[in-house]
Amino acid sequence: MEQNLFVYNTLSRKKEQFEPLSAPHVGMYVCGPTVYSDVHLGNCRTFISFDLVFRYLTHIGYKVRYVRNVTDAGHLEGDAGDEGEDKIEKKAKLAQLEPMEIVQKYTVDFHDTMQVFNVLPPSIEPTATGHIIEQIELVKQILAAGFAYEVNGSIYFDVERYNKTHDYGILNRRNLEDLINNTRDLGGQDEKLGKLDFALWIKAKPEHLMKWPSPWSLGFPGWHLECSAMSNKYLGKQFDIHGGGIDLMPTHHTNEIAQNIASCNKIPANYWIHTNMLTVNGQKMSKSLGNSFLPQQLFTGNHSLLNKGYSPMTVRFFMLQAHYRSTLDFSNEAMEASEKGFKRLMNALALLDGLKASATSEVEVAILRQRCYDAMNDDFNSPVLIAELFEAARIVNSVKDGKLKIDAENLAILGQLMHDFVENVLGLKNEQAANNDLPKVLDMIVNLRNEAKSNKDYATSDKIRNGLQEIGFQLMDGKEGTNWSKI
RNA sequence: GGUCGGAUGGCCGAGUGGCUAGGCAGAGGUCUGCAAAACCUCCUACAGCGGUUCGAAUCCGCUUCCGACCUCCA
């Protein structure tokens, strides 16, 4: 916490010094996935971005309670507005499954995918269906405060009424008239008094499967409600950071803030962090546009836009090479560049242990370390951090080649710095197979080859090297012997 | 249509008034039996047109193009 961290706050549209409400504790809420289908790569980018935030806050000494929800009910489908079908229920009917079967399947898939990307689990991962009571209580409070009304068993939030005493556009910076004038007329919204009003509680139709009793009807909660209720429950009325994809900002987060303020007159979070979109050919990756990749397709290369597969850590590195607030465009060329860069960084990390210290040092590593912190303190600037780490890699390689001298003290700092930032902060890890007999076998083959080589039997030595290359191992002859690495 | 944001070298991508990241690709060199890796050197760009300034990729205006949101979305 000696770090002077600055965070870009969507509320102020500025970078602000990060000051938690009660350090060293930090409360962070991030809107998680709706578990009605596989997470795609764009979703993953958001959670990887917040994983970086979580990891860095933790690294600099904060005790973070990280809450990321799973939406397993109440999320309405498409153009029909609040009359639309629950996404999960729709999928369940199609697949002739219980809604909770769908939820279970895609929750497991989500967790697996997060693990593959080395995304740390949040401290608490609450579900909407697990907090129906809390949501009903919240609706009661909003009703009592006079910012909601009931029509035929459904409850709607009265946006125009709310805006008379509060600023509805505090986050999205839009005035109400503009919003009203630019809102399309949608079908099936007869019940609502105002165009911008949104549902807090929806009365279920008879055929609806997911429904719960409430004072108003047998029904289900509106989508925006769960995040208000659950952040309030686990982090309090006010907490430090609220995050999510930038596409959630104009509507979902705007409504969330309105709900919280309407119920307890406090804006829930001080810092609002929004991550930008992953694009494909310049267009947002999204399920509805049909241009999304599943992580599995990326790993295997099984997609028409892909030349080959890329490993999870390559993908993670690719994403961290762009700043979280910039759009990131996906392409094969960019992925291949990241694949090589990632390998270069990890090779340097692996060489650290074998480096020998000199009596004197030609490098001052503490300066580099400070530059790494400076990068992250500037709104989690991982691309700049990675640039600094490539400088660290250059030092490692030069020392290894005997071209640069480093003393024990600087070597220790260098090692610490690289492990801290590459593994703990960026969350990158080596993907090579470990803990088996393979290294011993390879070392033996390498020794055989070196015997042939010292006899100038290059036909044999090249045969061994080429053979290993074909099955995925690259040999590298150096002054101090031969190294191998997985290609 | 309204609101907001973006346009950086062959590709990706940082940077917000002078010091002009980084990765990948490309060229040359060192090393090496040859490779590979590594190291060194080179390629030095900011959509266009005006303006402000001693000085602009960075600030202002206009133009062109692209995107996001306005409707579920990470």
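Side chains included, hydrogens not; waters and symmetry mates left out as well; all remaining heavy atoms used. Computed from a predicted structure; not experimentally measured.
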**Donor-acceptor contact below 3.5 Å, side chain N377(A) vs main chain Q3(A)** = no
**Item:** Identity of whatever pairs with U20(B) - Watson-Crick or G-U, under 3.5 angstrom
**Value:** none
**Message:** Ignoring hydrogens, what is the shortest heavy-atom contact between N410(A) and D407(A)? Give both atom names and the distance.
**Reply:** N-OD1, 2.8 Å
**Message:** Looking at R13(A), I'd like to know whether one of its side-chain N or O atoms comes within less than 4.0 Å of OP1 or OP2 on C4(B).
**Reply:** no
**Request:** Classify the nucleic acid contact of T275(A) as base, sugar-phosphate or nothing, counting any heavy atom under 4.0 Å across all strands shown.
**Result:** nothing
**Request:** Would you mind reading off the distance between L385(A) atom CG and G23(B) atom C1', rounded to a whole angstrom?
**Result:** 14 Å
**Message:** Distance check needed: G6(B) P versus H323(A) NE2, whole Å only.
**Reply:** 14 Å
**Request:** Could you work out the separation of C66(B) and G55(B) based on their P atoms and round it to a whole Å?
**Result:** 35 Å
**Message:** I want to verify a distance call: between A37(B), C11(B), G23(B), whose nearest atom is closest to the E333(A) side chain?
**Reply:** C11(B)
**Prompt:** With both distances kept under 3.5 Å, what pairs with C42(B), Watson-Crick or G-U wobble?
**Reply:** G26(B)
**Prompt:** Which is true for L328(A) with a 4.0 Å heavy-atom rule: it touches a base, it touches only sugar-phosphate, or it touches nothing?
**Reply:** sugar-phosphate
**Message:** Is the base of G23(B) stacked against the aromatic ring of F390(A), taking ring centres under 5.5 Å apart and planes under 30° as the test?
**Reply:** no
**Asked** Does a side-chain N-to-carboxylate-O contact under 4.0 Å join D477(A) and R449(A)?
**Response** yes
**Message:** Would you say T327(A) places a side-chain N or O within less than 4.0 Å of OP1 or OP2 belonging to G5(B)?
**Reply:** no
**Message:** What contact category does K340(A) fall into here, base, sugar-phosphate, or nothing, at under 4.0 angstrom with non-hydrogen atoms?
**Reply:** sugar-phosphate
**Asked** Among A37(B), A74(B), C12(B), which is the nearest nucleotide to the side chain of A334(A)?
**Response** C12(B)
**Message:** Does G244(A) reach a base, just sugar-phosphate, or nothing at all? Heavy atoms under 4.0 Å.
**Reply:** sugar-phosphate
**Message:** If the test is side chain to side chain donor-acceptor pair (under 3.5 Å), which one of H253(A), H242(A), R325(A) qualifies with H274(A)?
**Reply:** H253(A)
**Prompt:** Between E336(A) and N332(A), does any side-chain donor sit less than 3.5 Å from a side-chain acceptor?
**Reply:** no
**Request:** Have a look at H40(A) and say if it touches a base, only the backbone sugar-phosphate, or nothing, with a 4.0 Å heavy-atom cut-off.
**Result:** base
**P atoms of A27(B) and G33(B), separation to the nearest Å** = 24 Å
**Complete:** Judged by nearest nucleotide, the residue sitting upstream toward the 5' end of RNA chain B, R174(A) or K284(A), is R174(A)
**Prompt:** Quick one: do K308(A) and E339(A) make a salt bridge, cutoff under 4.0 Å?
**Reply:** yes
**Message:** Nearest to the D401(A) side chain among A38(B), C12(B), C34(B), which nucleotide is it?
**Reply:** A38(B)
**Item:** K105(A) and D109(A) ion-paired at < 4.0 Å
**Value:** no
**Item:** Assigned partner base of A57(B), Watson-Crick or wobble definition, under 3.5 Å
**Value:** none
**Asked** With respect to the phosphate group of G5(B), does any side-chain polar atom (N or O) of R325(A) fall under 4.0 Å of OP1 or OP2?
**Response** no
**Prompt:** Mind checking the P distance from G29(B) to A68(B)? Whole angstroms is fine.
**Reply:** 47 Å
**Message:** Whether the N4(A) and Y373(A) side chains hold a donor-acceptor pair (N or O, under 3.5 Å, no angle test) is what I'd like checked.
**Reply:** no
**Prompt:** Nearest to the side chain of A387(A) - A68(B), G22(B), A14(B)?
**Reply:** G22(B)
**Asked** What is the pairing partner of U3(B), taking Watson-Crick or G-U wobble pairs with both distances under 3.5 Å in any strand?
**Response** A68(B)
**Request:** Could you please name the option among A38(B), A14(B), C69(B) that lies closest to any side-chain atom of N397(A)?
**Result:** A38(B)
**Request:** Find the distance M319(A):CE to A14(B):P and express it as a whole number of Å.
**Result:** 14 Å
**Request:** Check every strand shown and say whether N466(A) touches a base, only sugar-phosphate, or nothing at a heavy-atom separation below 4.0 Å.
**Result:** nothing
**Asked** Among A74(B), A14(B), A68(B), which nucleotide sits nearest the side chain of Q283(A)?
**Response** A68(B)
**Request:** Please work out if S461(A) contacts a base, only the sugar-phosphate, or nothing of the nucleic acid, heavy-atom cut-off 4.0 Å.
**Result:** base
**Asked** How long is the line joining CG of D462(A) and P of A35(B), in whole Å?
**Response** 11 Å
**Item:** d(CG, D374(A); P, A21(B)) in whole Å
**Value:** 18 Å
**Prompt:** Would a distance-only check, ignoring hydrogens and angles, find a side-chain to backbone donor-acceptor pair under 3.5 Å from T254(A) to M249(A)?
**Reply:** yes
**Request:** Look at all strands and tell whether L404(A) reaches a base, only sugar-phosphate, or nothing, counting heavy atoms closer than 4.0 Å.
**Result:** nothing
**Message:** For the C1' atoms, the ones on C49(B) and on U44(B), what distance do you get once it is rounded to whole angstrom?
**Reply:** 24 Å
**Prompt:** So what does R465(A) hit on the nucleic acid, given a heavy-atom distance under 4.0 Å: a base, only sugar-phosphate, or nothing?
**Reply:** base
**Fill in**
The residue, K456(A) or G282(A), whose nearest nucleotide of RNA chain B is more 5′ is K456(A)
**Prompt:** Taking the side chain of P383(A) as its heavy atoms from C-beta onward, which of G33(B), A37(B), A14(B) lies nearest to it?
**Reply:** A14(B)
**Request:** Considering only atom C1', compute the distance from A21(B) to A57(B) and round it to an integer number of Å.
**Result:** 14 Å
**Prompt:** Distance check: side-chain N/O of N381(A) vs OP1/OP2 of G15(B), anything under 4.0 Å?
**Reply:** yes
**Request:** Would you state whether a donor and an acceptor, one from the side chain of D477(A) and one from the base of C34(B), lie under 3.5 Å apart?
**Result:** yes
**Request:** Please state how far atom CE in M335(A) lies from atom C1' in G23(B), giving the value in whole angstrom units.
**Result:** 13 Å
**Item:** P gap between G17(B) and G50(B), integer Å
**Value:** 25 Å
**Asked** In the structure shown, which nucleotide is the Watson-Crick or G-U wobble counterpart of A14(B), with both distances under 3.5 Å?
**Response** none
**Prompt:** C39(B) P sits how many Å from K400(A) NZ, rounded?
**Reply:** 10 Å
**Message:** Of the listed nucleotides (G33(B), G23(B), C12(B)), which one gets closest to any side-chain atom of K453(A)?
**Reply:** G33(B)
**Message:** For a quick check of understanding: with a heavy-atom distance under 4.0 Å over all strands, which category does M249(A) fall into, base, sugar-phosphate or nothing?
**Reply:** nothing
**Request:** Please report, rounded to the nearest Å, how far the P atom of C70(B) is from the CG atom of N175(A).
**Result:** 17 Å
**Message:** Within the 3.5 Å criterion, strictly below it, is a donor on E226(A) or N69(A) matched to an acceptor on the partner's side chain?
**Reply:** yes
**Asked** Out of G33(B), A36(B), A25(B), which nucleotide sits closest to the side chain of Q474(A)?
**Response** A36(B)
**Asked** So which nucleotide from A14(B), C39(B), A74(B) ends up closest to the side chain of S398(A)?
**Response** C39(B)
**Request:** Rounded to whole angstrom, note down the C1' distance from G13(B) over to G6(B).
**Result:** 14 Å
**Message:** Can you check the distance between C60(B) and C43(B), where both ends of the measurement are the C1' atom (answer in whole Å)?
**Reply:** 34 Å
